[in-house]
Amino acid sequence: MLEQLPLGQVIMQYIPYSKQQITKQDIEAVIRTMQSDFITQGPVVTEFEQSICLYTGAKFCIAVNSGTSALHIACLGLGLGADDLLWTSPISFVASANCALYCGAKVDFVDIDRNTYNMCPNKLETKLKLAKKLPKIVIPIHFAGAPCDMQAFRSLAIKYGFLLIEDACHALGANYNQRPIGSCEYSEATVFSFHPVKTITTAEGGAITTNNENIYKKLQSLRSHGITRDPSQLTDSHGPWYYEQLDLGFNYRITDVQCALGISQLQRLDDIVKARLKIARQYQDILQGLPIKLPYFDSKNMSAHHLYPIHIAHNRKEIFCMLRENNIGVNVHYIPIHYQPYYQKMGFKKGDFPHAEAYYDGAISLPIYPELSNVEIKYISAKLNEAIVIPA
Ligand SMILES: *Cc1c(COP(=O)(O)O)cnc(C)c1O
């Protein structure tokens with residue numbers, strides 16, 4: 001199949017690794033909200049939250065201003081504090097670990113599975129068995145949009161008494177055991193991001209779903225300064241202006257304008273995931289003859305195909321640079337979190353999580369997003385083939 005590809009000196013516009021899709025309907029929804037009475041703290045935020053509940057099947061949803069804020073207050077809402085421990089995957093964005101530090105807690109990592117690149121349940125169990133101190137929270141990441149083995153994590157959570165937050169920043173639109181990611185069937189809370197590279201966008205934005213009403217109420221308070229006007233929660237009343245600060249909260253609010261975009265995008269979510277799946281299949285067809293490892297493809301659980309991470313045994317850097325020189329915005333997801341100087345200062349070192357490190361050594365994310373054209377897919381595949389065949 002590769003011989004039919006445009007191998008000549010085609011000049012292409014820069015192709016990013018991911019990109020938002022904005023329609024006329026999205027723009028009209030934003031304009032309508034701009035012209036309404038509320039551009040923040042209005043009814044569209046609630047409407048967006050209800051739409052997420054409807055989509056995921058979760059009872060409650062809190063929309064916030066970023067996925068990072070969502071992780072932070074999800075940890076606080078589950079009671080994470082000083083001296084507590086949180087475990088997550090080293091192959092994620094730094095925010096998945098930083099959220100613990102924001103709460104004064106300590107972080108540790110559980111190595112990934114060699115094939116799925118998700119946190120490995122067996123490694124988790126081994127680490128739990130050997131642990132002097134057990135984690136209060138474990139955050140698995142549905143890496144690249146492919147669901148983790150949540151049932152395995154749930155059994156361990158029950159056995160060892162920890163709480164689960166799903167970092168589903170890659171996985172809105174994915175399914176696990178026939179239920180949408182975000183249903184929280186196997187976790188206390190699920191966190192999403194709506195940054196433009198993610199499945200749907202609100203420019204910046206995030207959300208938490210949960211089935212626990214107490215967590216929901218706590219998160220509502222933490223999102224907005226810990227302030228309440230709910231008469232049933234007040235300790236006093238001075239008059240109709242009265243409010244009380246009961247928690248140390250933040251301003252993590254999302255705006256109605258952003259939520260209008262989010263609602264409009266959410267209506268297309270299934271089509272967006274289908275378009276991403278189609279691209280993943282096209283890559284798979286074209287690339288299967290190359291000496292590279294293609295991303296894990298779960299035939300049971302539907303991925304959201306947020307990333308297309310290939311793994312190359314040799315010359316990753318040279319191949320990466322050749323692709324970039326050809327205007328292909330390849331990327332690497334992720335530099336293991338424990339490699340970051342900030343984490344090295346805490347005592348983590350190279351060698352701590354061998355599977356994560358081996359994955360990182362060969363990882364390249366190829367572009368994947370709904371508007372990526374057939375011609376671009378063929379161009380990327382051809383250039384990858386050239387880069388691999390021509391020894392750097
Ligand atoms: C994007 C992302 C985040 C952070 O989300 P923001 O909205 O950018 O704050 C956290 N975790 C993972 C896995 C992500 O991909």
Side-chain angles (χ1 to χ4, degrees), residues 16-20 48 52 61-76 86-103 107 109-110 112 116-119 137-148 150 153 164-174 181-182 187 189-209 219 222-223 250-255 258-259 261-262 265-266 276 295 303-309 331-338 340 342-343 356 359-360 363 365 368-369:
Y17 86 86
S18 186
K19 193 177 145 187
Q20 71 276 13
F48 183 43
I52 294 171
C61 176
I62 294 276
V64 292
N65 61 354
S66 76
T68 303
S69 308
L71 281 163
H72 181 195
I73 61 172
C75 288
L76 286 176
L86 180 147
W87 291 359
T88 188
S89 166
I91 296 298
S92 186
F93 186 53
V94 290
S96 308
N98 288 345
C99 56
L101 306 181
Y102 297 156
C103 302
V107 184
F109 301 95
V110 179
I112 58 169
T116 66
Y117 311 138
N118 280 328
M119 182 190 283
I137 296 177
V138 173
I139 306 188
I141 289 94
H142 302 300
F143 180 74
C148 291
M150 287 310 299
F153 290 132
L164 280 164
I165 298 174
E166 297 169 66
D167 183 336
C169 290
H170 297 181
L172 183 64
I181 290 293
S187 65
T190 303
V191 165
F192 296 105
S193 164
F194 310 123
H195 183 275
V197 299
K198 311 293 163 83
T199 332
I200 67 162
T201 191
T202 58
E204 295 280 357
I208 306 133
T209 56
L219 295 181
L222 289 169
R223 170 175 62 182
F250 309 87
N251 179 353
Y252 280 172
R253 294 187 303 261
I254 191 168
T255 67
Q258 290 170 293
C259 288
L261 178 58
Q265 293 248 320
L266 196 56
R276 286 176 169 275
S303 170
H305 299 283
H306 168 62
L307 299 173
Y308 196 82
N331 220 316
V332 171
H333 298 93
Y334 290 93
I335 304 159
I337 301 175
H338 70 285
Q340 296 297 342
Y342 193 84
Y343 282 84
Y359 160 71
Y360 169 64
S365 300
I368 185 166
Y369 52 89

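Atoms within each ligand, like the ligands themselves, are counted from 1 in listed order.
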### Query
Under 4.0 Å from any heavy atom of Gly205, which atoms of ligand 1 are there?
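Going through ligand 1 atom by atom, the ones under 4.0 Å from Gly205 are 7 (O).
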### Atoms in ligand 1 with a heavy atom of Ser66 nearer than 4.0 Å
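This gives 7 (O), 9 (O) as the contact atoms.
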Close side-chain approach of [X] and [Y], heavy atoms under 4.5 Å:
X      : Y      : value
His306 : Val197 : yes
Cys169 : Lys198 : yes
Thr202 : Ile254 : yes
Leu222 : Ile62  : no

### Query
Which protein heavy atom lies closest to atom 4 (C) of ligand 1, and at what distance to 0.1 Å?
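In this structure, atom 4 (C) of ligand 1 has Thr68 OG1, 3.6 Å as its nearest protein heavy atom.
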### Task
Kindly identify the option in Ser193, Gly145, Ser89 whose heavy atom sits closest to atom 5 (O) of ligand 1.
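The option holding the nearest heavy atom is Ser193.
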### Query
Which option, Ala203, Cys169, Ala70, owns the non-hydrogen atom nearest atom 10 (C) of ligand 1?
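When every heavy atom of Ala203, Cys169, Ala70 is considered, Cys169 comes closest to atom 10 (C) of ligand 1.
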### Query
Under 3.5 Å, is there a donor-acceptor pair linking the side chains of Glu166 and Ser187?
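Checked: Glu166/Ser187 side chains pair up, N/O donor to acceptor below 3.5 Å.
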### Task
Of the side chain and backbone of Asp167, name the one, both, or neither that has a heavy atom under 4.0 Å from an atom of ligand 1.
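Asp167 to ligand 1: side-chain contact only, backbone stays beyond 4.0 Å.
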#### Entry: Proximity to ligand 1 by part of His170, non-hydrogen separation under 4.0 Å
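The answer is the side chain of His170.
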### Task
Taking the six-membered ring for Trp and the single ring otherwise, decide whether the centroids of Phe250 and Tyr102 are under 6.0 Å apart.
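Ring-ring flag for Phe250/Tyr102: false, centres at least 6.0 Å apart.
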### Query
Between His170 and Phe143, what is the ring plane arrangement, given parallel below 30°, perpendicular above 60°, and tilted in between?
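Rings of His170 and Phe143: tilted, as their planes differ by 30° to 60°.
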### Query
Quick check: does any side chain N or O of Ser66 sit under 3.5 Å from a backbone N or O of Glu204, one acting as donor and the other as acceptor?
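No.
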Is there a polar contact, in the sense of an N or O pair closer than 3.5 Å, between [X] and ligand 1?
X      : answer
Gly67  : yes
Lys198 : yes
Ser92  : no

### Query
Does Ser69 have a non-hydrogen atom less than 4.0 Å from ligand 1?
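No; Ser69 lies far enough from ligand 1 that no heavy-atom distance drops under 4.0 Å.
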### Message
Any heavy atom of Tyr334 closer to ligand 1 than 4.0 angstrom?
### Response
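Tyr334 counts as a contact of ligand 1 under the 4.0 Å cut-off.
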